[in-house]
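The basis for the numbers below is simple: all heavy atoms, side chains too, and nothing from hydrogens, waters or symmetry mates. Labels below follow one simple rule: chain letters A, B, ... track the order of the sequence lines, proteins then strands, and each chain is numbered from 1.
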Number of protein chains: 2
Amino acid sequence: MSKQAEFAVILKMNPMFADLGADELQRLSNLCHTQHLGNGEVLFQKGDPGDALFGVRRGQVRIETGASDGSRLTLNFMGSGDLFGEVAVLDGQNRTADATAGEASELFVLRREDFLGFLEREPKVAIKIIALLCQRIRWQSERMEESMLQPLPVRLARRLCALAADFGSEVHISQEQLGVFVGAARESVNRQLQAWRKDAILDLQRGRILLRNMTKLTAIARNE
Amino acid sequence: MSKQAEFAVILKMNPMFADLGADELQRLSNLCHTQHLGNGEVLFQKGDPGDALFGVRRGQVRIETGASDGSRLTLNFMGSGDLFGEVAVLDGQNRTADATAGEASELFVLRREDFLGFLEREPKVAIKIIALLCQRIRWQSERMEESMLQPLPVRLARRLCALAADFGSEVHISQEQLGVFVGAARESVNRQLQAWRKDAILDLQRGRILLRNMTKLTAIARNE
DNA sequence: AAAGTTATGTGACTTATGACACACTTCTCC
DNA sequence: GGAGAAGTGTGTCATAAGTCACATAACTTT
């Protein structure tokens, strides 16, 4: 499979490009480049202009932010097939976090200028994207309120499920970081995790959480 | 001033159209129609297709939702010069609330099909709109978390300031509705308002709040 | 291996807010 | 003008979660 065809598949998996036609998708993926990163190499930093969208061909990229006190906080892990920077490439705003390769990686790169040129030539695609962004706006405002108003166990369960999608059942994250994610105190997170450990939903290790019973966890995430 | 020119002014005040060029704006506002509503007349209802964007030329339109228990809840008041339905017109999703004229009103109407046709002919405008939607997505996700995590006094003060922008210093709203707005119990709202009354920040009447000291209120809204 | 550093576990206390209960007031409508 | 509805004011209590204060455990560095 050609590089471009591979990229097209990744694009297609992302909701933002999911309903483009095969022909549109092909013309778009023809604009891509690739880029190699060594282990630990920095892809971009907070404040850099958002001049491209990336797809992970192989490897892993960590999205992280340097908190004001100097401690680093990992926000997300992008693995093979993941796409990131879709919003940045559309509006050109500066990056709001850092991205570093967690291992030697190869990325697809779609440059902003190329993408905008494409949209200008294909206004129908632009309109599809507009509809999609609107959907995201609605979705965001519905979900957001909903999720912040949930009690901590629900928020925590949701976050763990999301992390499980990236890590599998062995989530490697500190309870402190989890606390920041769900907007809660570290102690509260710990107490909840302990309770779940007693219920055999998970096991705890230093810097690591082993999900034992995803069924129960997702049930909690759905708020019964 | 022509009807179209008047509409152009309203569009220009809305961030979504603020950075269109004068020529683009003019071509866009040429697509508008007008519509008259009698007092109490229904403009659209929840579930109707979002097939147009509206601007209030004169009069007042209430955006409200019928809560599941049958009680109506006013979400917003659109007065002269206000624009609403910008998102609906872009993505065509169904209305999520009802709109009723609070008095005899005249509205500018920009139909979805006309607007999409315009975007297709002017891809540069589509791209500007895309950038704007992206900005809104970012803004929303930043603000949302921030605002839901604030203590009630801050959320309440913010909401009052926002309402003051529509109503002036005499906000006419029940404490119950205020409670729904800020996501708090009616009683908690009442207690906070009482405290502020003692501090001479505001006065209370049945169904009405008189803002006495906006300076202090905005200070609270900024969270000191 | 000793010392320091980071992550985790847990108890005691405080605080904000929701929930319920009820009195009181002002409107509305017949 | 009386009855009921809708809005408001307040007391009491329960609860979730934050804060503080340590104890302990696990990794790191020298």
Can you see if the side chain of A:Gln194 gets near the phosphate of C:dT10 - specifically, an N or O under 4.0 Å from OP1 or OP2?
yes
Any A:Asn190 side-chain nitrogen or oxygen under 4.0 Å from OP1 or OP2 of C:dT8
no
Atom-to-atom span, [atom1] of [X] to [atom2] of [N] - whole angstrom:
| X | N | atom1 | atom2 | value |
| --- | --- | --- | --- | --- |
| B:Leu152 | C:dA16 | CG | P | 11 Å |
| A:Arg155 | D:dG18 | CZ | C1' | 12 Å |
| A:Leu193 | C:dT8 | CG | C1' | 10 Å |
| B:Gln192 | D:dG9 | CD | P | 13 Å |
| A:Arg191 | D:dA17 | CZ | C1' | 9 Å |
| B:Glu176 | C:dA19 | CD | C1' | 14 Å |
| B:Gln175 | C:dT26 | CD | C1' | 13 Å |
| B:Glu187 | C:dA16 | CD | P | 18 Å |

Closest to the 5' end of DNA chain D, once A:Pro153 and A:Arg186 are matched to their nearest nucleotides, is A:Pro153
Starting from the 5' end of DNA chain D, give me the residue, A:Arg206 or A:Val189, whose nearest nucleotide shows up first.
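Nearest-nucleotide comparison on DNA chain D picks A:Val189.
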Starting from the C-alpha separation in whole Å, work towards a yes-or-no answer on ring pair (Phe, Tyr, Trp, His ring centres under 6.0 Å) for A:Phe77 and A:Phe167.
CA-CA 8 Å; A:Phe77 295 79; A:Phe167 282 106; 4.4 Å; yes
Going by distance alone, is a donor N or O of one side chain under 3.5 Å from an acceptor N or O of the other, for [X] and [Y]?
| X | Y | value |
| --- | --- | --- |
| B:Gln194 | B:Arg197 | yes |
| B:Asp98 | B:Gln45 | no |
| B:Thr100 | B:Glu64 | yes |
| A:Asp91 | B:Gln135 | no |

Give A:Gly179 one of three labels, base, sugar-phosphate or nothing, depending on what nucleic acid heavy atoms sit under 4.0 Å from its own.
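Nothing, no nucleic acid heavy atom in range.
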Give the nucleotide from the list C:dA7, C:dG18, D:dG18 with an atom nearest to the side chain of A:Ser188.
D:dG18
Of all the nucleotides listed (C:dA7, C:dT10, C:dT17), which has the minimum atom distance to the side chain of A:Ser174?
C:dA7
